[in-house]
**Student:** 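Sending over a structure as structure tokens; questions will come in a sec.
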Amino acid sequence: MTESKRVAVVTGASRGIGRAVAVALADAGCDVVVNFRTGREGAEETAKQIERKGVKAFLYQFDVSDPDDVSASFKGILEECGRIDILVNNAGITRDNIVVRMKLSEWEEVVRTNLTGVYLCSQAVIKPMLKQKWGRIINITSVVGFMGNAGQTNYTAAKAGIVGFTKSLARELASRNITVNAVAPGYIETDMTTALSDDVRSALVAQIPAGYVGKPEDVAHAVKFLASNEARYITGQVIHVNGGMYM
Ligand code: NDP
């Protein structure tokens with residue numbers, strides 16, 4: 001099979017890192033399924049950018065944390081596209097609070113979206129990938145899953161959980177030509193981080209040896225590499241993309 005026939009699914013691709021990943025995979029010749037939860041307009045813009053690369057884009061609205069929604073949507077994707085070769089689990093949210101004040105709902109919402117969502121979407125693609133005897137699952141974790149971050153226990157627990165999930169699933173699938181890896185972005189300029197106050201932002205930049213905030217495309221290049229044939233012998237790994245913030 002040529003790389004141009006591959007189908008990639010990118011969750012949370014209506015903006016930010018997900019959009020950059022979707023466009024980078026289109027650039028590699030993949031048709032791309034653009035998932036979003038609420039941002040249809042953003043997803044349509046992502047689809048436009050994908051189609052400019054001469055490949056197809058498919059929009060799928062579903063909530064990665066809802067088992068029925070995920071199962072019905074992946075069934076639909078398989079029927080429409082015929083195959084799924086690459087899954088990028090990118091969708092994520094934050095509900096920051098210090099533990100002493102954190103509501104159970106804030107904890108559960110973040111863990112359900114950022115960690116359970118990764119399990120549900122991965123489970124949905126394993127059988128087709130086994131049948132195809134080729135697959136790439138790439139999970140977006142975070143630098144704070146390694147360093148910790150006060151006010152983000154829910155988010156960091158989910159992101160650290162993704163790393164354990166990635167390594168275990170990599171072991172389950174390695175002999176079947178399916179690799180499972182993670183990419184851990186540092187501080188990247190997206191809607192998620194523009195919400196930060198100027199003080200928090202300057203304190204964060206001061207921790208980055210490169211001296212500047214990364215772009216979604218910096219993360220997308222690493223994902224594109226892990227999705228390629230050339231990365232076939234890399235599995236169960238985390239690639240850190242953080243300007244040296246954590247080493
Ligand atoms: P954004 O907030 O800009 O975008 C998040 C995306 O996730 C949106 O497309 C949103 O869709 C989607 N999404 C959220 N919840 C769901 C859901 N339940 N089901 C489906 N889609 C959902 O985030 P970023 O681009 O900044 O982050 C992308 C990933 O990278 C996340 O996993 C994040 O944790 C991680 N990351 C980001 C860093 C950064 O500095 N920006 C640093 C480290 C990690 P919609 O708008 O349509 O609801």
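Both backbone and side-chain heavy atoms feed into the values below; hydrogens, waters and symmetry mates do not. In listed order, ligands and their atoms are each counted from 1.
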**Student:** We want to know whether Q152 and D96 form a side-chain donor-acceptor pair, criterion being a heavy-atom distance below 3.5 angstrom.
**Tutor:**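 Yes, a side-chain donor-acceptor pair sits under 3.5 Å.
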**Student:** Any chance you could measure M192, atom CE, to T94, atom OG1, to the nearest 0.5 Å?
**Tutor:** 5.0 Å
**Student:** Who else is in Y212's hydrophobic cluster (ILVMFWY, side-chain heavy atoms under 4.5 Å, direct or via others)?
**Tutor:**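 Joined to Y212, directly or through intermediates: none.
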**Student:** Should side-chain heavy atoms under 4.5 Å link Ile, Leu, Val, Met, Phe, Trp and Tyr, which residues sit in the same cluster as I98?
**Tutor:**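 I98 shares its hydrophobic cluster with V100.
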**Student:** Protein residues near ligand 1, heavy-atom distance below 4.0 Å?
**Tutor:**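 Contacts of ligand 1 under 4.0 Å: G12, A13, S14, R15, G16, I17, N35, F36, R37, T38, G39, F62, D63, V64, N90, A91, G92, I93, T113, I140, T141, S142, Y155, K159, P185, G186, Y187, I188, T190, D191, M192, T193.
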**Student:** Could you give the side-chain donor-acceptor pairs of residues 163-175 under 3.5 Å, partners two or more places apart or in another chain?
**Tutor:**
{"residue": "T166", "atom": "OG1", "partner": "N139", "partner atom": "ND2", "Å": "3.0"}
{"residue": "T166", "atom": "OG1", "partner": "I162", "partner atom": "O", "Å": "2.7"}
{"residue": "S168", "atom": "OG", "partner": "G164", "partner atom": "O", "Å": "3.2"}

**Student:** What distance do N97 atom CG and E106 atom CD have between them, rounded to the nearest 0.5 Å?
**Tutor:**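 Taking CG in N97 and CD in E106, the distance rounds to 4.5 Å.
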